[in-house]
Amino acid sequence: MSEMYNPKAIEPKWQQIWDDTKAFAAKNDYSLPKYYALVEFPYPSGQGLHVGHPRPYTALDIVARKRRLQGYNVLYPMGWDAFGLPTENYAIKNHIHPKIVTKNNVARFKGQLKSLGYSFDWDREINTTDPNYFHWTQWIFLQLFKKGLAYKTEMPVNWCPSCKVGLANEEVVGGCCERCGTEVVRRMRSQWMLKITAYADRLIDDLDTVDYVERVKVSQKNWIGRSNGAEVDFAIAGTEDKLRVYTTRPDTLFGATYMVMSPEHPYIEKYADRIKNMDEILAYREEAAKKSDFERTELAKDKTGVAIDGLRAVNPVTGAEIPIWVSDYVLMSYGTGAIMAVPAHDERDWEFAKKFGLPIVEVVAGGRDVQEECFPDVETGVLVNSGFLNGLSVEEAKKAIIAWLEEKGLGTPKRNFKLRDWVFSRQRYWGEPIPIVFCDKCGAVPLSEEDLPLLLPEVESYMPTETGESPLAAMTDWVNTTCPCCGGPAKRETDTMPQWAGSSWYFLRYTDPTNENALASMEALKYWMPVDWYNGGMEHTTLHLLYSRFWHKFLFDEGAVPCPEPYAKRTSHGMILGENGEKMSKSRGNVINPDDIVNEFGADTLRTYEMFIGAFELAASWSQEGVRGCRRFLERVWKLQDMVVPGDAYSLETKMHQTIKKVSSDFETLKYNTAIAAMMTLVNDYYREGKLTQADFKSLLIMLNPVAPHITEELWEVCGFGGYLHNAKWPEYDEAKTIENTVEIAVQINGKTRAAVTIAKDADKETAIAAGREALSGRLTGTIVKEIYVPGRIVNIVMKP
RNA sequence: GCGGGAGUGGCGGAACGGCAGACGCAGUGGACUCAAAAUCCACCGGUGGUGACAUCGUGAGGGUUCAAAUCCCUUCUCCCGCACCA
């Protein structure tokens with residue numbers, strides 16, 4: 001009789017063995033077939049691991065372990081994205097250096113991850129706050145700077161008054177700070193920017209070359225927001241000047257009955273002397289500036305504006321003089337900051353025209369009365385009231401008008417993006433110093449690469465300041481330096497990089513984590529890259545995922561990496577919700593601590609449960625009873641050891657081949673829940689049989705190993721199957737053996753099941769129909785119209801009464 | 001408003017156009033036990049029937065098909081992004 005299943009004993013035992021034998025270290029033998037599985041490295045917060053973390057980590061641990069069993073050289077690494085605000089805030093509050101806070105948190109996280117039995121290659125552990133690591137983060141910044149892709153400019157930033165830090169557009173959610181929820185205000189500041197917009201086209205186009213889940217691709221495309229249209233010049237009446245607009249509907253040019261400029265448009269200053277109602281316009285501009293982005297969005301539907309008195313434009317095709325308005329529904333940050341308004345065919349223009357009584361002229365026929373309803377459709381309409389465009393479809397008209405505009409020198413085709421450049425400065429201590437000095441003579445000068453890494457100075461206080469200056473600014477010893485260019489006095493940049501910097505290239509470092517001469521050797525990169533499978537949260541789709549693709553493309557252009565895309569495949573997991581279906585949070589009191597689950601049930605149970613909980617990509621609610629059920633399943637597996645009989649043939653051959661097939665494919669397609677269900681069914685079958693052979697047990701243990709690695713290794717050892725299970729070979733299945741010789745198929749009358757018969761799997765139609773008729777004897781009371789037989793599936797007899 | 005996703009038992013969830021509800025949880029009955037827990041076995045969508053069985057059933061309404069949770073049209077609800085992007 002076997003001992004009791006005791007995860008508290010066997011789990012630490014195997015974790016120790018895996019550590020001691022370096023069981024999961026990726027080999028630097030570049031002749032082996034490789035597999036690079038990656039999960040997003042965590043921010044080591046003070047709270048420790050959340051039950052959300054094990055879901056993606058276990059999923060890719062399953063993939064990594066399965067690949068090793070299939071003979072691949074697997075890289076499944078882990079590290080720490082450790083720069084960041086919470087650590088700094090904790091340090092300020094408790095007067096502990098952020099370095100120490102980070103060290104403690106990392107130790108805690110690492111202990112927790114080890115207790116879950118992940119097959120990470122801990123020899124390749126990295127930490128973004130390690131100078132040997134951020135050396136290369138700074139190096140990448142210097143390359144961006146040298147190529148003109150990092151630049152400093154005075155611009156309005158999204159300022160969080162609570163965090164006292166500027167935020168990237170991607171970090172502002174609904175007008176509020178992504179982190180603390182405080183409403184963001186706009187502030188002018190000199191900021192470092194990264195020119196991600198230079199890569200906008202490639203960031204969209206290359207999505208066609210990678211295997212990402214559709215929703216990620218769609219989000220990225222929408223965020224980048226590419227649109228194709230034209231820029232058109234409108235003459236300003238009585239001047240030589242032009243007002244340039246961007247439009248995606250140049251075909252509607254004949255219907256442009258007025259124009260609108262953003263309140264910040266420079267022409268307001270330029271033509272101050274001609275504008276008669278300047279006071280009114282400046283007052284409007286002030287009002288608009290006062291509105292936060294949030295308010296501006298809230299009030300979106302209620303259009304406001306002021307007509308400029310004294311400035312009119314000329315429609316280049318109709319020659320008509322049309323008024324120019326100022327309204328905050330036109331943004332200075334997109335296109336040219338001015339639009340031509342075609343109220344008949346644009347929702348917003350229509351609303352504005354209705355409110356202010358501006359003329360609405362139909363130029364695309366096909367909708368209802370444009371005085372009553374706007375007609376924005378581009379599919380079905382036909383051009384009218386448009387001179388030489390009349391009778392054309394929208395698509396044809398676009399081509400025709402653009403050609404005409406180009407010929408006359410009045411316009412050009414133009415493509416625009418919603419994507420803005422990346423605000424890259426943070427006024428904080430706990431981040432990578434930006435390796436730039438400012439010299440009165442030479443301007444912004446990069447440090448020489450030999451002077452990297454530029455370390456953070458030791459400071460007394462990490463407090464951010466009300467003025468928005470970085471705490472580093474107070475460190476005059478550190479700030480005052482000499483110019484690397486002329487040797488004269490110079491000051492260091494005191495802003496630091498955002499948290500997204502370190503995570504934008506970390507996957508490269510894992511391939512060669514201790515390299516001192518480069519971010520990684522080309523040889524290692526050529527072998528390991530791209531990442532074969534990367535899983536992470538949807539919340540990073542427009543942040544980390546986009547940023548890292550941008551950096552990677554830049555590095556590819558620089559010849560520093562061998563491939564244009566970093567990740568061949570990207571999947572995303574759903575959130576784990578509390579037992580009540582709500583997001584887990586301290587205030588809701590529904591937080592589950594993974595340590596408690598490991599203590600009470602064991603790591604294997606937690607892993608099994610999180611994979612069984614539901615469809616991997618969807619959110620799922622925690623259920624303590626469900627956890628118990630998974631523990632029960634593992635207990636049943638444990639007790640199978642007493643039912644094993646000698647034998648190297650499968651006792652339930654068909655069933656086993658079916659299960660191997662299902663588990664093998666389900667592990668590849670994120671269907672961990674049905675893979676586990678299939679193994680549960682198999683175990684239930686062995687209980688029904690009362691026995692199973694060694695061959696049965698071996699294959700079952702190997703298949704279950706990626707999910708529940710400790711119990712399976714232990715059983716492998718206890719049963720004396722030889723060596724370590726993690727060195728075993730993934731079982732093969734034979735397609736022919738997944739099909740029973742006889743099958744039970746349903747017999748239907750008019751599509752309704754009335755009986756079932758067991759026939760040979762390859763029975764011909766006549767045999768099957770005959771068997772079906774026999775099973776239905778007595779019910780076949782009408783006229784048979786048709787008989788259908790789908791081998792292995794169904795017999796259907798169609799009958800009229 | 002736009003985009004994405006989801007609506008199936010008491011619950012979490014399964015179902016290449018082919019017997020809806022696999023698997024798990026909860027529940028019911030039985031075995032074991034002095035008893036309970038644990039474990040093992042069986043049952044477990046609604047309605048009617050002792051029963052074989054009949055009948056209804058995948059958010060709602062139509063349609064295609066021998067056959068629809070699955071495909072097509074219409075419609076409702078919920079969740080998640082984005083949001084005056086010209």
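Nothing here was measured: the structure is a model prediction, and the numbers come from that model. In what follows, chains are A, B, ... by sequence order, proteins preceding strands, each numbered from 1.
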Fill in the blank from the handout: Closest to the side chain of A:Trp223, out of B:C82, B:G24, B:C66, is B:C82

Exercise for the section: Would you kindly give the CE-to-C1' distance between A:Met611 and B:C23, to the nearest whole Å? Expected result: 16 Å

Fill in the blank from the handout: Separation of B:A86 atom P from A:Phe234 atom CZ, nearest Å, is 16 Å

Problem - Below 4.0 Å: OP1/OP2 of B:A22 and any side-chain N or O of A:Asn684 - result: no

Practice task
Using a heavy-atom cut-off of under 4.0 Å over every strand shown, decide if A:Gly225 touches base, sugar-phosphate, or nothing.
Solution key: nothing

Practice task
Could you give the distance separating B:G51 and B:A35 at their C1' atoms, to the nearest angstrom?
Solution key: 38 Å

Problem - Phosphate OP1/OP2 of B:G12: any A:Asn673 side-chain N/O under 4.0 Å - result: no

Problem - Interatomic distance at C1', B:U28 relative to B:G9, whole Å - result: 16 Å

Fill in the blank from the handout: Counting primed atoms, P, OP1 and OP2 as sugar-phosphate and everything else as base, the B/S/- map of nucleotides 2-11 of chain B against protein heavy atoms under 4.0 Å is -SSS------

Exercise for the section: Provide, to the nearest angstrom, the distance between the CD atom belonging to A:Gln220 and the P atom belonging to B:G81. Expected result: 17 Å

Exercise for the section: Report yes or no: is the cationic atom of A:Lys765 (NZ for Lys, CZ for Arg) under 6.0 Å from the centre of the six-membered ring of A:Tyr789, at an angle within 45° of the ring normal? Expected result: no

Practice task
Using a cut-off of strictly less than 4.0 Å, decide whether A:Arg754 has a side-chain nitrogen or oxygen near OP1 or OP2 of B:A54.
Solution key: yes

Handout entry: 5′-ward residue of the pair A:Phe417/A:Val790 relative to RNA chain B
Key = A:Val790

Practice task
Measure up the A:Phe616 and A:Tyr672 rings against each other and bin them: parallel (under 30°), tilted (30 to 60°), perpendicular (over 60°).
Solution key: perpendicular

Handout entry: A:Lys418 (side chain) and B:C82 (base): donor-acceptor pair under 3.5 Å
Key = no

Which atom pairs link the protein and nucleotides 26-29 of chain B when you take only N or O atoms and keep those under 3.5 Å?
residue	atom	partner	partner atom	Å
B:A26	OP1	A:Glu625	OE1	3.0

Exercise for the section: Please report, rounded to the nearest Å, how far the P atom of B:C80 is from the CD atom of A:Glu617. Expected result: 18 Å

Handout entry: Syn or anti conformation of B:G9, syn meaning chi within 90° of 0
Key = syn

Exercise for the section: Measure from the ring center of A:Phe417 to the ring center of A:Tyr334 and say whether it is less than 6.0 Å. Expected result: no

Problem - Rounded C1' spacing from B:C84 to B:C80 in Å - result: 22 Å

Exercise for the section: Return the value, rounded to whole Å, for the distance between atom NE2 of A:His540 and atom P of B:C82. Expected result: 13 Å

Exercise for the section: Ignoring backbone atoms, test whether A:Lys752 places a side-chain nitrogen or oxygen under 4.0 Å from the OP1 or OP2 oxygen of B:C56. Expected result: yes

Practice task
Under 4.0 Å from any atom of RNA chain B, heavy atoms only: list the residues of residues 337-347 of chain A that qualify, in numerical order.
Solution key: A:Ile339

Problem - Rounded distance in Å between the C1' positions of B:G21 and B:C44 - result: 12 Å

Just list the side-chain donor-acceptor pairs under 3.5 Å for residues 570-579 of chain A, sequence neighbours left out, or say none.
residue	atom	partner	partner atom	Å
A:Arg570	NH1	A:Glu40	OE2	3.2
A:Arg570	NH2	A:Glu40	OE2	2.9
A:Arg570	NH2	A:Gly537	O	3.2
A:Thr571	OG1	A:Trp533	NE1	2.9
A:Thr571	OG1	A:Asn535	OD1	2.6
A:Ser572	OG	A:Gly536	O	2.7
A:Ser572	OG	A:Met538	N	3.3
A:His573	ND1	A:Asn535	ND2	2.9
A:Glu579	OE2	A:Gln624	N	3.0

Exercise for the section: Using whole Å, report how far NZ of A:Lys671 lies from P of B:C23. Expected result: 16 Å

Practice task
For A:Glu735, look at atom CD and say whether over 12 heavy atoms of other residues, nucleotides or ligands are found less than 6.0 Å away.
Solution key: yes

Counting only pairs under 3.5 Å, give me each side-chain donor-acceptor contact of residues 626-637 of chain A, with atom names and distances, residues two or more places apart or in other chains.
residue	atom	partner	partner atom	Å
A:Arg631	NE	A:Glu635	OE2	2.9
A:Arg631	NH1	A:Phe601	O	3.0
A:Arg631	NH2	A:Glu635	OE2	2.9
A:Arg636	NH2	A:Asn684	OD1	2.9

Completion exercise
Hits for side chain to side chain contact (heavy atoms under 4.5 Å, CB included) against A:Glu744, two or more places apart or cross-chain, chain-then-number order -> A:Ala756, A:Thr758

Completion exercise
A:Lys354 atom NZ is separated from B:C84 atom P, nearest whole Å, by 24 Å

Practice task
Please state how far atom CZ in A:Phe633 lies from atom C1' in B:A38, giving the value in whole angstrom units.
Solution key: 19 Å

